[in-house]
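Working notes for the structure below.
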Amino acid sequence: VSTQSTWGVRGFTHCVTELRSNVDAVYDITMGYVDYQAGERPSEQSLFKGRWPKEIHFHVARYGIETLPQEAPGIDEWVVKRFEEKESRLKAFYNDAYHFEGPVKPGGLPGGAYLGSLLLCVIGAFWCYWLWCSSIPRWATLGSALAYIGLTAAGLGVDGLVLQLHGGKPPIAEGKGK
């Protein structure tokens with residue numbers, strides 16, 4: 001298991017251990033994108049360039065919290081199995097003409113992509129107006145944009161920066177928690 005997926009396993013295990021009494025289920029959601037290759041996902045850059053997925057398919061599985069192991073090592077094994085199933089499911093999706101196994105339930109709003117784009121434009125227009133009228137969001141936006149551009153140019157991204165700052169390990173110390 002890679003460093004990043006180990007981080008995901010540890011983070012998931014920590015969340016299950018800490019939140020078990022407050023949740024009744026865990027949902028595993030796998031997304032497949034039509035007109036994309038296996039392993040390729042939409043990015044901010046591709047969306048900005050106008051390359052939107054033709055369709056997005058979701059595979060959703062619900063696991064009752066009582067079905068998950070009680071101890072951390074068992075939870076680690078359980079989530080690694082889910083990752084393996086997810087990879088297998090995605091491989092089949094891209095090899096089987098963009099189709100997940102199981103029942104299909106069409107969803108979404110008619111014209112949902114256009115409605116979402118319209119909402120994004122309205123929110124963007126409001127934000128631009130607020131930037132024009134006040135210096136606080138102006139400086140916050142400038143700082144955030146510069147940080148994002150710098151991290152993207154360095155090839156890190158925010159998650160890569162966090163991993164680097166913690167020596168390739170998740171920021172949750174071993175043995176902490178309960």
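As the structure is a computational prediction, the values presented were derived from the model and not from experiment. Side chains included, hydrogens not; waters and symmetry mates left out as well; all remaining heavy atoms used.
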Check [X] against [Y] and note the closest heavy-atom contact, atom names and distance.
X: L90; Y: R41; result: CD1-NH2, 4.3 Å
X: H57; Y: F100; result: O-CE1, 3.4 Å
X: H59; Y: E101; result: CD2-O, 4.0 Å
X: P53; Y: P42; result: CG-CG, 3.7 Å
X: R20; Y: L68; result: NH1-O, 3.7 Å

Derivation and outcome, side-chain contact (heavy atoms from CB on, under 4.5 Å), residues I75 and T17: CA-CA 9 Å; I75 298 170; T17 304; 4.0 Å; yes
CD (E55) with more than 12 external heavy atoms under 6.0 Å: yes
Parallel, tilted or perpendicular, as decided by the 30° and 60° cut-offs, for the rings of Y63 and W78: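 Ring orientation of W78 relative to Y63: perpendicular.
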Pairs flagged by side-chain hydrogen bond (donor to acceptor under 3.5 Å, both in side chains) wherever residues 64-76 is involved - sequence neighbours left out: T13-D76
Y33 backbone acceptor or donor facing Y94 side chain under 3.5 Å: yes
Donor-acceptor pair, side chain of E84 and main chain of K81, under 3.5 angstrom: no
Single-linkage hydrophobic cluster, 4.5 Å side-chain cutoff, M31 and V60 together: yes
Cluster link L19 to V79, ILVMFWY, side chain under 4.5 Å: no
Which pairs of donor and acceptor atoms, one on a side chain in residues 120-134, lie under 3.5 Å apart (sequence neighbours left out)?
residue: W127; atom: NE1; partner: T141; partner atom: OG1; Å: 3.1
residue: S134; atom: OG; partner: I136; partner atom: N; Å: 3.4

Residues forming a salt bridge (charged side-chain N to carboxylate O under 4.0 Å, His left out) with E87, sequence neighbours excluded: none
[atom1]-[atom2] distance between [X] and [Y], expressed to the nearest 0.5 angstrom:
X: D35; Y: K54; atom1: CG; atom2: NZ; answer: 5.5 Å
X: C15; Y: N22; atom1: SG; atom2: CG; answer: 11.5 Å
X: F12; Y: F83; atom1: CZ; atom2: CZ; answer: 8.5 Å

Note, W139 side chain near S135 side chain (heavy atom, < 4.5 Å): yes
Charged N-O contact under 4.0 Å between R82 and E85: yes
Cation-aromatic face contact R51/Y36, 6.0 Å, 45 degrees: yes
